[in-house]
Amino acid sequence: MTKEKKLSITIDNRTVEVRPHLTILEAARTHNIYIPSLCAMEHLPSYGACRLCVVEVDGLRGFPTSCTTPVEDGMVIRTDTGEIRTLRQEVLKLLLSEHPASCLFCTEQDECKDYQGTIRKAGVITGCRYCPNDTRCELQQVTERIGLTETSYPVYYRNFPVEKNDPFYDRDYNLCILCGRCVRVCNSVRLNGTLSFKQRGKITTVGPAFDRTHLEAGCEFCGACVTVCPTGALSTKTSKWYGKPDKEVATTCVYCPVGCTLKLQVRKSEVLDVLPDYNSALDHGFICVKGRFAVPEYVHSSFRIPVPQRITPLGYNDISWDEAIAEAAERLAGVKPDSFLMMVSPQLTNEDLFVAQQFARQIIGSDQIGSPLLYDLGADTGPFVNLVSQSSAFDVIDDAEAVLAIGFDSTYDYAPIGIGTKKAAQRGAVLVTINSCDTNLDMLSEMAFTCGTEKWSALVGLLTGASAQGAAPLFPTWKKDIAGIQGIFKKSTRKVIIAGPGLLAAPQRTEIIEKLLKVKEKGGWDIIVAHPYSNLKGMLAMGAFHGIKTGAIINENGQAEGVKGDLSKFDLTKGCTVIYAVGVSDLDSLPDCDYLIYQNALPSESQRRPDLLLPAALFTESSGTVINGEGRILPVNKAVEPYRSAKPDWWILNAIGERIKKGVMKYAQVQSVQKEIAKTIKGFPGVKKRLEFSRIDVKMKTPKGAPKMRKQGQFNYRGIPLEAVVKGMKAIEERIELISGSNRGAI
Amino acid sequence: MNMVRNHVLISIDANTIIAGARAVEDALIKEIARQGLSQEIVVLETGSVGIEDQGVVLVVYPEGIYYTNITPAEVPELVEEHLLKGRVVHRLMLKETPKRFVITKEKTGLMKEQPRIVLKNCGFINPESIDEAIAADGYQAAAKALSSMKPDEIIAEVKHAGLTGRGGAAFPTGLKWEFASKVDNPVKYIVCNADEGEPGTFKDRLILEGDPHKLIESMIIGGYATGATKGFVYIRGEYELSIERLEKAIADARSYGLLGTNIFDSGFDFDITVMKGAGAYVCGEETALIESIEGKRGHPRNKPPYPITAGLWGKPTIVNNVETLSNIPEIILKGAENFKKYGTEKCSGTKVYTILGHVATPGLIETEMGTTLRDIIFEYGGGIKDGKRFKCALVGGAAGAFLGPDMLDVKMDFVNLREYAAALGSGAILVMDEDTDIVDMLKSVLHFFKHESCGHCVPCRLGTARLVELIDRIAASKGTSKDVEGLTRISETMKDTSFCPLGQSLILPVSSSLKYFKDEILARVQ
């Protein structure tokens, strides 16, 4: 294969070299030549609606649009002739004839900017500033570049009612210029297809077909449409009037193990909004509703614990950090190792988890480290953790020939995996789904097996060839389908199983997991596990887990032998002296104790009242790293100062630990924790690298007082359901409930 | 065997059905039976005979007498006088049989032979009978092409014949087929564009209603020549009778083995599916039509890629108009040289026109390329109605140009008209007499465009809306001369920047009406 030859083109008398297969607009942009455009956008297919990017090309008739015309070798292009300028102005005038333009052409414009800084002062009636996008608007920028200062048409107000009935974003189609970006991003990028054009001609609008609400139409609320909207037509409910952010901080989402890049939009001490990063190699900007919309409301919730608090008979009293640390240290000093319990959330950062296990092991001398995982999974924790430790990189989907999705639905989470799967199916991979209700992948699947969770194990065994014992009679009507799929799977070489959160709700989950592990080893399947325990791999790597030493499971040299863990003596029902819960909020499940320390950002919803409340900083307020589902180390970056006197988890643990036993930890900043991790875990790589994990074999027996299956279908962060603090998530939860009953999966 | 003395052809097309053709047909059959003539007189259904706006039309052969505006009440008299007693009912007869009613095979009196290629069988055979179509040379060309010609020979013949697209763009058909045949792809499609949306045009409908087998045959040949094994006919949903007749014709052709596998034992497989349009003018644009067949919204696509390389479902797709395709059998059967005898040097063959408006005899005609507007209006159309004077004609549908008296003697073909900044377009000729208000006419044209703009691009979506506001103001005598300038400015912007031909061609009616009637328009604003 020869390398593709570069093309030589002339733009505005400048001869430049460009890659082939670019449009003129893309070629010009790579050489910083400005051509105005409102509908063209990177990552979206060409559309050619705004007609502002017209250029002249020697040998082509008329004025081709640069966004739709591919470059050819030797092309001579002029982007800025007098005729073109006139045409652009005329087209822009037409465009603005149905777009409120008071922010563009008002004679009072400068005065207004100086003296009337807030939207709240001026209403719709005066015709000014009822667009939430002022100063962020692409239309304003383009109008300025084109140099249009007045228009010859009276502005026609289309008078569409502003649509506010769906969660997360509002839609004011009076401001819409029908550039089609939202429709294209929804259909071509997100492969979701909620949005389309309605009506035609002058009365065209955008929305779901048949006037359904977005929720009903299957909208994922990924917010991609809001992100790409060049005007104020689509706007985030929570931040629409907040104006321009000061800075942008890239970080990693900790809501699930995919670990998408989030671009936090920050002004002063506030995260205003979150945008996706379309250039992220990991997630390609395919963030889900949680990352896109559920961050600001959570981290700036008015329910945040502001300061340390101590319980008194009359309620909680505010105390200083000094007092709080002293009290915790006093209670913890001398506690017997086996009557201490450290509960950690798998949604903490590696640094927090490292310090937490160090605290338990080196300060208290106890290996009693548990997590909510144990309550969710009980005796199935061992196989599950083993499965997670052996999961593959997400990009195995990209060239998969066959994909089997079990209990997986990517409407509201795991979007990059879901979109990867849809893309695979679109390019011809065979997709098969198993679920107890309809999923968003069914439409693209070869076969969607919708059946009760109790039959999944048999079905998985049959389809993958793990074991067919006694299973066939269970599916009399699917005999042919199953045989067909079996044949396809047998022939395929690159095969991926996606084990979704629904798997955790199946009664025979251990049996299924064992089958999956078997086919991974023998049948050449790759496995991706989509589960709700974001930094579970980090928790295992850091050893913040009973019986697993720090760094033990990192398979540095590719050794095949596994790590043995033993949870059989770990009794979660035995009463304790002190329980220290970090980021864990289901306090009612915890065993009895004399003293309960609750370290979290939001108060627990449990009946049980902790003795000491320690306000923790959230992932937007402290730095660190997490290890995502494919074992990649990803950075979590501090964007704003912690709320009131909240502190990072590692800081609090360090402070109490130092008070009890001086000289063990001594961490002044997060970098010193990271140094210690690097020292402790040999070969712990830097950010963005991928870790190989050893197999884990955890001995288990059902803990006493066998854990009940927890409420299903909840999105949690640090034990708090997102719907409790993020208004829109309530509608999402209701929608899931409506579609799937309670079969969506644990947490 | 019965001796049939007379054949009565009754034109059953969408227009005559509205005028009550079915009732007349029933009455006729009953009356013939009542008078005991069933053994001697046969009533035959046929497509349009080319006479429009004259109610139910009957033709009695062998005399070749045309009766128009027939109602059931007149049937007994007609049967008794003409069919029983052999006396022509002069009261009901079409007084003067214009040229166009003469079919190639007949020479009547002093009238010379007329070229009928596309409409050869229309109004002559029963369109619902495949046997009649075959008797009238149907499928002979396909048989010849598939059994004795190679695909490139067919393409060479079509190229040599100089056939150009009759939908308006006049792209050489042979060249299009040649491109398509050279694209290396096992799956190709041939699509017939029967989404006839241009106001005033109904030629494709009458072709489909009158001789659907010709289209099927043409598509078989086209598919064979280009390597397409699947054909689609995209018909306006309103053309119910066309759809019904075409579907019947396709079913008949299938049962005769003319569609399906191994046609004429040539090893060539071909089949046709009929797709119904849902009433969008823009779907006549080939890429919008393709989107519509795919089940998507009727928006035109970016070009390139052209359909010839990536069309329907991304596969190479040939899109041809009904009339274009209907020329193919004649070319194959009689050769390119014979085809080139008709028409002008640059545009060979014939053109089907629909004449309507203020003419004495509106209807459907087929004449050679290069016929002047004067001939069409005054000879075929029978001149201006009620002896008034000619003002102008809107040629080519709404996206066409107004042609004034100075254009009457210009030879009309695709190439020549382009030099006069006009277009033959779909072949609709809307004639206006001296009393026509040009502002009202322009207003209705602009309203049409506003209604049919798909909304994809800014200049067309908002340009048509603004033009309508201007013309409404001018029509209400509330406009200013600035508004008239606005008409030109907007339509020029639209010409240069619109996404597809819909917006680009609006300049034609606007600039041509201003060319001829600027004073009249300005008089409305002063």
Side-chain angles (χ1 to χ4, degrees), chain A residues 23 38-40 45-56 60-65 67-70 72 83-84 86-99 151-156 158 176-180 183 187 193 196-206 209, chain B residues 278-283 287-288 291-292 295-305 314 446-470 473 482-483 485-486 488-504 507:
Chain A
T23 63
L38 284 166
C39 66
S46 290
Y47 189 62
C50 76
R51 315 309 282 177
L52 292 173
C53 68
V54 284
V55 292
E56 281 176 30
L60 290 186
R61 240 182 335 140
F63 302 89
T65 42
C67 70
T68 60
T69 313
E72 279 167 28
E83 226 174 331
I84 289 175
T86 315
L87 277 181
R88 285 182 186 152
Q89 292 207 348
E90 286 300 323
V91 173
L92 186 60
K93 273 189 214 167
L94 284 174
L95 192 154
L96 292 172
S97 69
E98 296 205 356
H99 182 95
T151 180
S152 39
Y153 309 106
V155 177
Y156 176 88
R158 285 176 284 184
C176 176
I177 56 167
L178 292 167
C179 65
V183 176
N187 291 278
S196 63
F197 292 103
K198 300 192 288 186
Q199 307 284 7
R200 74 174 181 210
K202 190 178 165 301
I203 52 170
T204 309
T205 51
V206 172
Chain B
Y281 176 64
V282 75
C283 287
T287 55
E291 288 276 296
S292 179
K296 296 178 188 153
R297 189 180 161 80
H299 269 195
R301 289 181 181 174
N302 289 332
K303 283 187 263 185
L446 294 179
H447 272 272
F448 171 78
F449 274 103
K450 180 191 161 200
H451 184 252
E452 292 295 346
S453 168
C454 76
H456 183 102
C457 71
V458 170
C460 182
R461 181 180 73 240
L462 297 165
T464 51
R466 297 293 85 82
L467 281 172
V468 161
E469 282 167 15
L470 294 181
R473 217 158 39 226
K482 262 199 161 166
D483 292 340
E485 284 162 29
T488 314
R489 201 182 61 235
I490 297 174
S491 53
E492 270 173 3
T493 306
M494 287 175 67
K495 181 190 113 210
D496 288 332
T497 60
S498 286
F499 188 93
C500 81
L502 196 157
Q504 288 160 7
I507 183 84

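Per chain, numbering begins at 1; letters A, B, ... match sequence-line order. Both backbone and side-chain heavy atoms feed into the values below; hydrogens, waters and symmetry mates do not. Everything numeric in this text was worked out from a predicted model, so none of it was measured.
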Item to check | A:Ser152 side chain near B:Arg489 side chain, heavy-atom distance below 4.5 Å | outcome: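 A side-chain contact under 4.5 Å exists here.
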Item to check | Note, A:Thr204 side chain near B:Arg297 side chain (heavy atom, < 4.5 Å) | outcome: yes
Of the backbone (N, CA, C, O) and the side chain (C-beta and beyond), which part of [X] lies under 4.5 Å from a heavy atom of chain B, both, or neither?
X	answer
A:Val54	side chain
A:Ile177	backbone
A:Phe63	both
A:Phe197	both
A:Glu83	neither
A:Pro70	side chain

Quick check on [X] against chain A: is it the side chain, the backbone, both or neither that has a heavy atom closer than 4.5 Å?
X	result
B:Asn302	side chain
B:Glu452	both
B:His299	side chain

Checklist entry - Any idea which of B:Gly463, B:Ala280, B:Ala465, B:Cys457 has the most non-hydrogen atom pairs under 4.5 angstrom with chain A? => result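 Of the candidates given, the most pairs with chain A belong to B:Cys457.
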Next on the checklist: Holding to salt bridge (Lys or Arg N to Asp or Glu O under 4.0 Å), I want the full list of residues that pass it with B:Arg301, two or more places apart in sequence or in another chain.
Outcome noted: B:Glu291, B:Glu294
Item to check | Test salt bridge (Lys or Arg N to Asp or Glu O under 4.0 Å) applied to B:Arg466 - qualifying residues, sequence neighbours left out | outcome: A:Glu98, B:Glu469
Item to check | Leading residue by heavy atom contact count with chain B [cutoff under 4.5 Å; candidates A:Glu90, A:Arg200, A:Lys93] | outcome: A:Arg200
Item to check | Considering all heavy atoms, the nearest B:Val458-A:Val91 contact | outcome: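 Residues B:Val458 and A:Val91, closest heavy atoms: CG1-O, 3.8 Å.
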Checklist entry - Of the non-hydrogen atoms in B:Phe499 and A:Tyr47, which two are nearest, and what is the gap between them? => result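 Scanning both residues completely, I find the closest heavy atoms to be CE1-O, 3.3 Å.
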Nearest 0.5 Å, please: how far is [atom2] in [Y] from [atom1] in [X]?
X	Y	atom1	atom2	result
A:Arg51	B:Ser498	CZ	OG	7.0 Å
A:Leu92	B:Thr493	CG	OG1	12.0 Å
A:Leu178	B:His456	CG	NE2	10.5 Å
B:Lys450	A:Ile203	NZ	CD1	8.5 Å
B:Asp496	A:Leu87	CG	CG	5.0 Å

